[in-house]
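A, B, ... follow the sequence lines: proteins, then strands. Residue 1 opens every chain.
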Amino acid sequence: MTFQNELINWYLINKRDLPWRHTKDSYTIWLSEIILQQTRVEQGLPYFNTFLENFPSVSDFASATEAQVLNLWQGLGYYSRGRNMHATAQLVVNNYNGTFPTLHDDLIKLKGIGEYTAAAISSFSSGEARAVVDGNVFRVLARYFGINTAINTPEGKKQFFKLANELLFREDSALYNQAIMEFGAIQCKPKSPKCSICPLNIDCFAYRNNVVNQLPVKLAKAEKKNRYFNYFILTEGDKILVRERKKRDIWQHLYDFPCIETEMLLDGNDLDFVESVKNIFGNNAEITFVSYKKHLLTHQIINVQFFSLKNYIFNSSKHEELNWVSLNTLDELPKPNVIRNFIEENF
DNA sequence: AACTCGGGGTA
DNA sequence: TACCCAGAGTT
């Protein structure tokens with residue numbers, strides 16, 4: 001049997017029942033595909049349901065504010081996905097009369113939609129013959145065909161993309177694309193793949209040559225950098241001082257607290273640190289250490305310290321990114337998880 | 001072509 | 001701890 005037929009047979013028996021597989025509506029499929037970028041199905045599923053419930057159509061999505069969208073996106077990470085979705089929803093309403101595109105060449109022009117997502121939406125919604133190449137596909141092809149070109153290089157991407165499109169089962173691209181991704185996700189897994197019970201193991205290069213755990217090849221990435229965020233908790237009655245993150249950095253357009261970033265981990269008594277705090281919050285400011293948290297991201301290690309501040313003097317007109325909000329309002333603002341957890345534990 | 005963008009599951 | 005996840009945008 002061919003590689004393609006083996007995959008499809010395996011899929012028809014072993015597939016999970018996932019809501020976005022019951023529709024050909026390109027808007028619904030778009031929602032699922034953006035949410036699932038670099039995100040496990042189990043993690044994205046509740047977000048998919050929430051978004052579909054809040055925004056049943058693309059015009060509902062377009063009518064929302066960006067803050068509403070980011071609020072629903074809280075905790076899912078890669079927040080530019082939410083912002084790009086909002087912009088794309090508005091563009092679809094304005095330029096496509098509210099009908100979400102289904103063709104690859106239209107989709108690829110939209111914000112947040114790259115080669116993978118354009119192939120996925122077009123094949124799932126209109127049956128267009130475009131092969132998806134995601135992390136699952138890289139792994140399945142590298143192992144089965146014994147390809148040791150690094151997948152995170154331009155040559156690797158080109159080679160895998162070419163092979164994927166040659167292999168595509170054009171009579172039903174949607175079925176084949178679903179099959180190869182599902183196979184990678186639950187059978188040909190990154191760690192502990194179920195090779196001994198795999199229906200494709202007879203012709204699998206990696207299995208026959210005992211190199212399953214050496215494929216796919218990926219070039220080492222840059223070392224994680226440590227960063228040190230020192231947050232200050234200022235309260236005034238039932239108000240608290242928050243900062244909107246406007247710069248191009250992590251958590252753009254989310255909210256946290258006034259912050260001094262330092263080059264290393266400092267304690268609240270460090271002289272230079274106290275000096276810079278008093279420069280902003282007045283000479284009488286009293287700094288009290290509250291808690292420390294190590295927050296791990298893919299490319300950074302954020303060392304977060306929280307300090308409470310008393311006897312401060314603060315001129316808000318000098319800091320337009322800082323604003324007093326009530327605790328109720330704070331609940332409704334989109335925040336990174338480390339901030340949300342701190343509020344949960346302290347307020 | 002290299003960096004940057006989160007958060008969580010897995011072994 | 002290290003790796004990976006239905007990748008995309010920027011420089």
Whole-Å gap separating C1' (C:dC4) and CG (A:Leu297)
15 Å
Return whichever of A:Tyr79 or A:Lys189 has its heavy-atom-nearest nucleotide of DNA chain B closer to the 5' end.
A:Tyr79
What pairs of donor and acceptor atoms, side-chain ones from residues 184-200 of chain A against any protein atom, are under 3.5 angstrom apart with sequence neighbours left out?
| unit_1 | atom_1 | unit_2 | atom_2 | d |
| --- | --- | --- | --- | --- |
| A:Gln187 | OE1 | A:Trp10 | NE1 | 3.4 |
| A:Gln187 | NE2 | A:Lys194 | O | 2.8 |

Residue pairs, two or more places apart or on separate chains, that pass side-chain hydrogen bond (donor to acceptor under 3.5 Å, both in side chains) and touch residues 224-241 of chain A
A:Asn226-A:Asn303, A:Arg227-A:Asp249, A:Arg227-A:Glu261, A:Arg227-A:Gln300, A:Asn230-A:Thr262, A:Asn230-A:Gln305, A:Tyr231-A:Asp256, A:Glu236-A:Tyr312
Covered region of DNA chain B, 5' end to 3' end, by chain A [heavy atoms, under 4.0 Å]
B:dA1 to B:dA11
Which value, in whole Å, describes the distance between the C1' atoms of nucleotides C:dC4 and B:dG6?
13 Å
What pairs of donor and acceptor atoms, side-chain ones from residues 89-104 of chain A against any protein atom, are under 3.5 angstrom apart with sequence neighbours left out?
| unit_1 | atom_1 | unit_2 | atom_2 | d |
| --- | --- | --- | --- | --- |
| A:Gln90 | NE2 | A:Ala62 | O | 3.0 |
| A:Asn94 | ND2 | A:Gln90 | O | 3.1 |
| A:His104 | NE2 | A:Glu115 | OE1 | 3.3 |

In this structure, NE2 of A:His253 is separated from NZ of A:Lys246 (nearest 0.5 Å) by 8.5 Å
Tell me which donor-acceptor pairs under 3.5 Å the side chains of residues 331-338 of chain A have, and how far apart each pair is, sequence neighbours excluded?
| unit_1 | atom_1 | unit_2 | atom_2 | d |
| --- | --- | --- | --- | --- |
| A:Lys335 | NZ | A:Leu330 | O | 2.6 |
| A:Lys335 | NZ | A:Asp331 | O | 3.4 |
| A:Lys335 | NZ | A:Leu333 | O | 2.5 |
| A:Asn337 | OD1 | A:Arg340 | NE | 3.4 |
| A:Asn337 | OD1 | A:Arg340 | NH2 | 2.6 |

Strand contacts (DNA chain C) in residues 332-347 of chain A, 4.0 angstrom heavy-atom criterion:
none
Please determine whether the number of non-hydrogen atoms from other residues, nucleotides or ligands lying under 6.0 Å from atom CD of A:Glu171 exceeds 12.
yes
From CA spacing to verdict: side-chain contact (heavy atoms from CB on, under 4.5 Å), A:Val133, A:Phe138:
CA-CA 7 Å; A:Val133 183; A:Phe138 277 119; 3.7 Å; yes
Mind checking if A:Gln300 touches a base, just sugar-phosphate, or nothing, with heavy atoms under 4.0 Å?
sugar-phosphate
Pairing residues for A:His319 by the ring-ring contact (aromatic ring centres under 6.0 Å, His included) criterion, not counting sequence neighbours:
A:Phe314
Side-chain donor-acceptor pairs of residues 275-283 of chain A under 3.5 Å, sequence neighbours excluded:
| unit_1 | atom_1 | unit_2 | atom_2 | d |
| --- | --- | --- | --- | --- |
| A:Ser276 | OG | A:Asp272 | O | 3.3 |
| A:Ser276 | OG | A:Phe273 | O | 2.9 |
| A:Lys278 | NZ | A:Asn283 | O | 3.3 |

Judged by nearest nucleotide, the residue sitting upstream toward the 5' end of DNA chain B, A:Gln43 or A:Leu219, is A:Leu219
Can you list, by residue number, the residues of residues 190-201 of chain A that have a non-hydrogen atom closer than 4.0 angstrom to DNA chain C?
A:Pro190, A:Lys191
Atom CZ in A:Arg170, atom OH in A:Tyr176: separation rounded to 0.5 Å?
11.5 Å
In 5'-to-3' order, the base (B), backbone-only (S) or no-contact (-) status of each nucleotide in nucleotides 6-11 of chain C, using a 4.0 angstrom heavy-atom cut-off, is BBSSSS
Run the side-chain donor-acceptor check on residues 41-48 of chain A: report pairs under 3.5 Å with partners two or more places apart or on a different chain.
| unit_1 | atom_1 | unit_2 | atom_2 | d |
| --- | --- | --- | --- | --- |
| A:Glu42 | OE2 | A:Arg16 | NH1 | 3.4 |
| A:Tyr47 | OH | A:Gln74 | O | 2.7 |

Derivation of the side-chain contact (heavy atoms from CB on, under 4.5 Å) call for A:Ile339 and A:Phe229:
CA-CA 11 Å; A:Ile339 300 299; A:Phe229 288 6; over 6 Å; no
Give every residue pair that meets the salt bridge (charged side-chain N to carboxylate O under 4.0 Å, His left out) criterion with at least one member in residues 86-107 of chain A, sequence neighbours excluded.
A:Asp105-A:Arg130
